[in-house]
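Written out below as structure tokens is the structure these notes cover.
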Amino acid sequence: MKKLLIAATLFISLCSFSVQASEGPAVGKRVEAAFQKEFAGARAVKWELIKKENIYHAQFRLNNERLNAFFGEDGTLLATGRFIGVSSLPLLIRKNVNSKYHEYQVQEVIEYTSGNETTYLIAIENEKARMLLQGYNSGSLYVFKKEKKNDVAKL
């Protein structure tokens, strides 16, 4: 359940929709210490609390990369996400996106890592619709969400 929630939060961040989270939550000492240990030198850190699961979500920049990290309230790093270019997608995923969704343009890609599993969250759109895909190293794709363009908020 937590993996799905974290993936959903990353998708929401990708699409610039608002996350149901508190404004600037107080981050516990364990979470802050774990964050500093994992991401020393991070800047422009913005914290959100995903209340339903008690997960702390940090958005930040490190070495000129936009990153996301998710921590349990005990300071355990649950998952990370980083924005990557389309050319950094694994070849099988890129091939399948181009083949199955050739009428769409890739807008953004997040490489999402939880434990020892890495997946790719891909936002694509055309003049009629916007889709959010999850890609796996095997090349398989899962349609996470599809919206008609007139239903999508302007970014």
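Not measured: the values here are computed from a predicted model.
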(request) Check the hydrophobic clustering (I, L, V, M, F, W, Y; side-chain heavy atoms under 4.5 Å; chains of links allowed) and say if Val86 and Tyr101 are grouped together. (result)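 Shared cluster, yes.
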(message) Is there a path of hydrophobic side-chain contacts, each under 4.5 Å between heavy atoms, that joins Val143 and Leu92?
(response)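 No; tracing contacts between hydrophobic side chains, which count when under 4.5 Å, never links both residues.
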Might you point out which heavy atoms bring [X] and [Y] nearest each other, and give the distance in Å?
| X | Y | result |
| --- | --- | --- |
| Ala123 | Leu132 | CB-CD2, 3.8 Å |
| Ala34 | Gly75 | CB-O, 3.1 Å |
| Thr113 | Gly115 | CG2-O, 3.8 Å |
| Leu67 | Leu62 | CD1-CB, 3.6 Å |
| Lys146 | Ala129 | CE-CB, 4.3 Å |

Could you tell me the separation between the [atom1] atom of [X] and the [atom2] atom of [Y], rounded to the nearest 0.5 Å?
| X | Y | atom1 | atom2 | value |
| --- | --- | --- | --- | --- |
| Tyr56 | Glu32 | OH | CD | 11.0 Å |
| Tyr120 | Ile110 | OH | CD1 | 12.5 Å |
| Ser138 | Ile93 | OG | CD1 | 7.5 Å |
| Glu103 | Lys128 | CD | NZ | 9.5 Å |
| Ser114 | Leu77 | OG | CG | 8.5 Å |
| Glu108 | Glu125 | CD | CD | 10.0 Å |

Measuring only between side-chain heavy atoms, which start at C-beta, is [X] closer than 4.5 Å to [Y]?
| X | Y | answer |
| --- | --- | --- |
| Asn137 | Thr119 | no |
| Leu133 | Leu121 | no |
| Asn68 | His57 | yes |
| Tyr112 | Thr80 | no |
| Trp47 | Val31 | yes |
| Lys148 | Arg130 | no |
| Tyr104 | Val97 | no |
| Lys95 | Asn98 | no |

(request) Check the surroundings of atom CD in Gln105: do more than 12 heavy atoms from other residues, nucleotides or ligands lie under 6.0 Å from it? (result)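 No, because the 6.0 Å sphere around CD of Gln105 holds 12 heavy atoms or fewer from other groups.
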(request) Please answer whether the main-chain N or O of Thr76 pairs with a side-chain N or O of Asp74 as donor and acceptor at a distance below 3.5 Å. (result)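 Such a contact is found between Asp74 side chain and Thr76 backbone.
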(message) So does Gly139 get a backbone contact from the side chain of Asn96, meaning a donor-acceptor N/O pair under 3.5 Å?
(response)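 Such a contact is found between Asn96 side chain and Gly139 backbone.
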(message) Regarding Lys149 and Glu127, does a basic nitrogen lie under 4.0 Å from an acidic carboxylate oxygen?
(response)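 No, no charged N to carboxylate O under 4.0 Å.
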(request) Indicate yes or no: does Glu111 engage Arg82 in a salt bridge with an N to O separation below 4.0 Å. (result)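 Answer for the salt bridge query: yes.
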(message) Are Phe35 and Phe60 an aromatic pair, judged by ring center distance below 6.0 Å?
(response)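 Aromatic pair counts; centres sit under 6.0 Å.
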